[in-house]
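Structure record follows, encoded as structure tokens.
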Amino acid sequence: MNRTALIALFFALVLLVGCADVPEQEEVWEMEQESVAVFSDGETVDLWRARKGELRGSVAWYELSDGTVLLLEDDAAGPENPGFLSEGAWAAIESGYRTVGLRYDIKALLDQAYTAYRNCQAEGWEYEPGRVGQSTALTASNEKVVWFCTTVNLTLDPANGQETRLTAVFDRETGEPLEIWSLFTAGETEVRAKLAAIGEEGFRAELAAALDPERIVFYPEYLEVHFPAGTVAGQTQELILQWDYDQLGGLLQPWAVPEGTEAAE
């Protein structure tokens, strides 16, 4: 589907539901980068963005030479200072996130999207553009520690969206990153086994070995452990285990237990 068709559909929906008036100011499209990617058959994709006066669109449009929109990319959002961190702590956290940058590979996603587009052409189907975006927000805190989570939303197949959550933990006073395993009273092997305790013993052992510490997401009242589809053989869907902190039986350091629900507001 090309950009013109997508825009027409958007404004048709706006008029139908009456959510907003069509802006009077003319929308201008600008090419921000030519030939962002070159595919094996020589086809190229350019990056476009809409502007209205001084307003810059928050979505990047990756288009093929014929105007087909291959992929949409939302601008990254967050993290934002929750307001209780010192200037130095926040500067350290913000700097760390700037260094890490995006948690997905846009070039690899463009390759996947182009393959899907070519397959649609071969089958005579209409191609629906994929979309990707990333946001980072505070999920929990206490007097010693703050937890942030980066969520990557990816939809290459419109029928099967993916959401990836990646946690990071920082010293509240200094903003220095902390190793997630350091939050626990037991060794890494024991913690892995506890957090992967589900199903048959063999299945647990495989999950424990494959557990990615970034996928342990802390909330005020519980933590979640995310195992993406394919973490172990035969696992076709994402598995999410949720643990109340009192279920962990002292496995967390006393200083690493998040505060109540007000901590994440």
Side-chain angles (χ1 to χ4, degrees), residues 55-56 58-60 73-106 132-154 162-192 194-196 211-228 240-265:
L55 297 178
R56 173 181 180 272
S58 60
V59 182
E73 182 184 22
D74 295 294
D75 287 347
E80 295 182 358
N81 189 342
F84 54 73
L85 295 172
S86 69
E87 183 177 337
W90 175 243
I93 292 172
E94 192 175 33
S95 174
Y97 273 110
R98 280 199 306 269
T99 299
V100 172
L102 295 176
R103 301 306 304 269
Y104 56 87
D105 184 341
I106 191 64
V132 65
Q134 171 178 308
S135 61
T136 301
L138 179 79
T139 59
S141 69
N142 63 24
E143 293 182 353
K144 299 291 186 181
V145 181
V146 289
W147 289 264
F148 285 83
C149 180
T150 296
T151 302
V152 177
N153 288 295
L154 171 63
Q162 303 173 27
E163 184 177 271
T164 300
R165 296 182 181 181
L166 302 168
T167 199
V169 58
F170 303 91
D171 182 284
R172 179 166 169 163
E173 182 177 349
T174 66
E176 292 300 311
L178 301 176
E179 184 183 32
I180 290 178
W181 301 124
S182 72
L183 306 184
F184 296 92
T185 58
E188 179 181 334
T189 300
E190 183 178 341
V191 175
R192 285 178 174 273
K194 174 61 178 179
L195 297 182
L211 192 158
D212 182 346
E214 280 193 299
R215 293 179 181 268
I216 306 172
V217 184
F218 289 75
Y219 297 101
E221 298 172 342
Y222 59 87
L223 64 79
E224 290 181 345
V225 188
H226 292 241
F227 297 94
I240 301 176
L241 303 183
Q242 187 178 104
W243 294 93
D244 292 340
Y245 294 114
D246 57 8
Q247 292 178 294
L248 297 179
L251 199 62
L252 271 177
Q253 298 280 3
W255 53 264
V257 177
E259 292 174 351
T261 55
E262 293 183 356
E265 293 180 354

Can you list the steps and then say if Val146 with Ile93 is a side-chain contact (heavy atoms from CB on, under 4.5 Å)? CA-CA 10 Å; Val146 289; Ile93 292 172; 4.1 Å; yes
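- Between the NE2 atom in His226 and the CG atom in Leu166 there is a gap of 9.5 Å [rounded to 0.5 Å].
- Considering all non-hydrogen atoms of both residues, Phe148 and Glu80 come closest at CE2-O, 4.1 Å.
- Arg215 contributes atom CZ, which lies 13.0 Å from atom CG of Leu241 (distance to the nearest 0.5 angstrom).
- To the nearest 0.5 Å, atom OH of residue Tyr97 and atom OG1 of residue Thr136 are 5.5 Å apart.
- The line from CG of Leu248 to CG of Leu223 is 5.5 Å long, rounded to the nearest 0.5 Å.
- Between Val191 and Ala186, the closest heavy-atom pair is CG2-O, 3.8 Å.
- Of all heavy-atom pairs between Gly175 and Phe170, the closest is O-CD2, 3.4 Å.
- Relative ring orientation between Phe184 and Phe218 is described as tilted, the plane-to-plane angle lying within the 30° to 60° band.
- With rounding to the nearest 0.5 angstrom, the CD1 atom of Ile216 is 8.5 Å from the CG atom of Leu183.
- Looking at Gln134, its side chain does come within 3.5 Å of a backbone N or O of Arg103 through a donor-acceptor pair.
- Residue pairs meeting the side chain to side chain donor-acceptor pair (under 3.5 Å) criterion with at least one member in residues 240-250: none, sequence neighbours excluded.
- Taking each heavy atom of Thr151 and Glu163 in turn, the nearest pair found is CG2-CG, 3.5 Å.
- Atom CG in Asp74 sits 8.5 Å away from atom CG in Asn153 (nearest 0.5 Å).
- At a threshold of 4.0 Å, the pair Glu190-Lys194 does not count as salt-bridged, since none of the basic side-chain nitrogens sits closer than that to a carboxylate oxygen.
- Considering every non-hydrogen atom in both Phe84 and Asn81, the closest pair reads N-OD1, 4.2 Å.
- The shortest side-chain heavy-atom distance between Val132 and Tyr104 falls under the 4.5 Å cut-off.
- Counting only distance, with no hydrogens or angles, the side chain of Ser141 and the backbone of Pro258 share no donor-acceptor pair below 3.5 Å.
- Listed for the Thr99 side chain is a donor-acceptor partner under 3.5 Å among the backbone atoms of Ser95.
- Within the 3.5 Å criterion, the main-chain N or O of Gly250 finds a donor-acceptor partner in the side chain of Thr185.
- Pairing each heavy atom of Glu173 with each of Ser86, the nearest pair is O-OG, 3.7 Å.
- Looking at residues two or more places apart in sequence or on another chain, you find a side-chain contact (heavy atoms from CB on, under 4.5 Å) between Thr174 and Asp171, Glu176.
- Of the possible donor and acceptor atoms, one in the side chain of Arg172 sits under 3.5 Å from a partner among the backbone N and O of Asn142.
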Would you sort out whether Leu102 and Glu73 count as a side-chain contact (heavy atoms from CB on, under 4.5 Å), showing the intermediate values? CA-CA 11 Å; Leu102 295 176; Glu73 182 184 22; 3.7 Å; yes
